Amino acid sequence: MSKQNQPNFATKCIHGGLSPDPATGAVMTPIYQTSTYAQSAPGVNQGYAYARTKNPTRSALESNLASLENGKHAICFSSGLAAMDNILRLLSPGDEVLASDDLYGGSYRLLTSVFAGFGIKSRFIDMRDATTVAAEVSDATKMLWIETPTNPMLNLVDIAALTEIAKEKGLLSVIDNTFASPYLQQPLDMGADLVLHSATKYLGGHSDVVMGAVVTHNEEFAQRLYYLQNAVGAIPGPQDCFLVLRGIKTLHLRVERACQNAQRIVEVLQRDDRVAHVYYPGLPDHPGHALARRQMRDFGAMVSFDLKVDTMEAASALMQKTHYFTLAESLGGVESLIGHPATMTHASIPREQRLQVGLTDSLIRLSVGIEDADDLVDDLTNALR
Ligand SMILES: *Cc1c(COP(=O)(O)O)cnc(C)c1O
């Protein structure tokens, strides 16, 4: 389909890749809660034989996700990490992954504690400067693993520059687009081979489901991933696929509002004299601000800040005083969350390594939700007091 004929993003959230159920005309995709399908003769079926291989609710979600990321194929898995696991199975022993040094903790753990044991090594580098990345590529390097904005430091990585390097050097480029969501950036349009999502976050959007997905244009990788989806079997159930389909219908509205709320909160935090530093790509003095303007539709709803009293205790005291910001892991839901990367999401990364990337003991990460902005601001300022 030519780009001109493609509907705009909001329309894709609601209709992209979807049509009424062919069996009944049901407007909303039914939950096909079945593990198997009747065959009219041995081996003769209607395209569905067994539900690990294929399920209509999952297929609907996959075509919706492909449409959101401007890809040809989406392949869903039981979690974001299961999706990552299947992507890493495209590699062979001896291959090396070059990954961002400011990475989701679970992704770091999967690379270092699981895949390293199968002979797939990883090196972690600062990806903010594309020329450094090009210089780090070795003969063994086969994959660039990119997160942007990064977690929890909210650094920006130039997707177009890095996918260009990947093409020159024959590497597979993977963008973990969980933090931005396809509403804010579409990495396949910037040259990426594969886009990964933890659908647990903005896509699901209501903190009620765990799921992952990979989106691509590339026929060969897509067919291999469909093969692995069935062969390895880390598939999501139909009920969860329905929940993510439902969540996506309001993705554009949710992320738009969450970004507006984040902007308000950032302004208040910046003026507060108990706050040492605010990390947010929307700030004009953020080193990735110009890139964020080019690469993203808005600046996102993840905000990190640290305290002048830089101790775990000070951060912990603040986080126990908020009322609407719930102290919890995860992000991207309608409700605001507050977290402490050093003891929560990034506890598996050694302290010296955390400090090297600026992840201080008092660093606090917010996932700003879609509540009333005034209430969120009051909640944070009360806790800071
Ligand atoms: C949560 C998350 C993951 C892992 O996804 P799960 O669904 O929890 O397995 C990967 N990358 C990022 C950036 C995440 O936030």
Side-chain angles (χ1 to χ4, degrees), residues 58 61 65 69 74-89 97 99-115 122 124 127 143-157 159 174-185 187 192 194-215 229 232 234-237 240-241 243-244 247-248 251 255 258 279 281 296 300-304 328-333 337-341 344-349 357 359 365-369:
R58 192 173 89 211
L61 173 61
L65 281 170
E69 284 285 6
I75 304 97
C76 288
F77 295 94
S78 52
S79 70
L81 286 180
M84 179 176 184
D85 173 273
N86 281 265
I87 290 175
L88 293 172
R89 288 167 195 268
V97 179
S100 165
D101 65 359
D102 179 23
L103 200 65
Y104 175 70
S107 305
Y108 177 84
R109 183 176 55 203
L110 185 57
L111 288 168
T112 55
S113 305
V114 180
F115 275 86
S122 301
F124 300 90
M127 291 194 163
M143 184 181 280
L144 290 186
W145 192 275
I146 301 159
E147 255 183 53
T148 181
T150 65
N151 175 19
M153 300 313 299
L154 301 168
N155 291 317
L156 264 282
V157 173
I159 298 176
V174 188
I175 317 288
D176 182 338
N177 205 25
T178 301
F179 257 45
S181 89
Y183 173 76
L184 294 179
Q185 78 192 5
L194 302 172
V195 168
L196 172 117
H197 276 288
S198 168
T200 316
K201 318 294 168 56
Y202 286 103
L203 293 174
H206 295 73
S207 303
D208 51 11
V209 64
V210 173
M211 200 192 293
V214 186
V215 193
Q229 182 191 41
V232 180
I235 52 145
D240 285 352
C241 292
L243 284 173
V244 174
I248 289 170
L251 175 67
V255 181
Y279 300 88
M296 301 171 74
M302 299 302 297
V303 177
S304 293
E329 308 258 2
S330 201
L331 61 113
L337 298 180
I338 190 165
H340 187 231
M344 295 166 70
T345 46
H346 291 63
S348 57
I349 299 174
V357 300
L359 201 168
R365 190 191 80 176
L366 304 177
S367 168
V368 178

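Nothing here was measured: the structure is a model prediction, and the numbers come from that model. As the structure lists them, so they are numbered: ligands from 1, and atoms in each ligand from 1.
Judged by distance alone, with hydrogens and angles left aside, the side-chain atoms of Ser79 form a donor-acceptor pair with the main-chain N or O of Ala82 at under 3.5 Å. The closest donor-acceptor contact from the side chain of Ser367 to the backbone of Leu337 lies at 3.5 Å or more, if one exists at all.
Contact detail for Met127 and Leu144: the closest heavy-atom pair is CE-CD2, 4.4 Å.
Applying the salt bridge (charged side-chain N to carboxylate O under 4.0 Å, His left out) test to pairs two or more places apart or on separate chains, those with a residue in residues 79-88 are Asp85-Arg89.
Distance check, rounded to the nearest 0.5 Å: CG of Leu196 to CD of Glu147 gives 9.0 Å.
Using a 3.5 Å distance cut-off with no hydrogens or angles, the side chains of Gln229 and Asn86 do not pair a donor with an acceptor.
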Ligand 1: which protein N/O atoms lie under 3.5 Å from its N/O atoms?
residue: ligand 1; atom: 5 (O); partner: Ser198; partner atom: OG; Å: 3.0
residue: ligand 1; atom: 7 (O); partner: Gly80; partner atom: N; Å: 2.8
residue: ligand 1; atom: 7 (O); partner: Ser198; partner atom: OG; Å: 2.8
residue: ligand 1; atom: 7 (O); partner: Thr200; partner atom: OG1; Å: 2.7
residue: ligand 1; atom: 9 (O); partner: Gly80; partner atom: N; Å: 3.0
residue: ligand 1; atom: 9 (O); partner: Leu81; partner atom: N; Å: 2.9
residue: ligand 1; atom: 11 (N); partner: Asp176; partner atom: OD2; Å: 2.7
residue: ligand 1; atom: 15 (O); partner: Lys201; partner atom: NZ; Å: 2.8

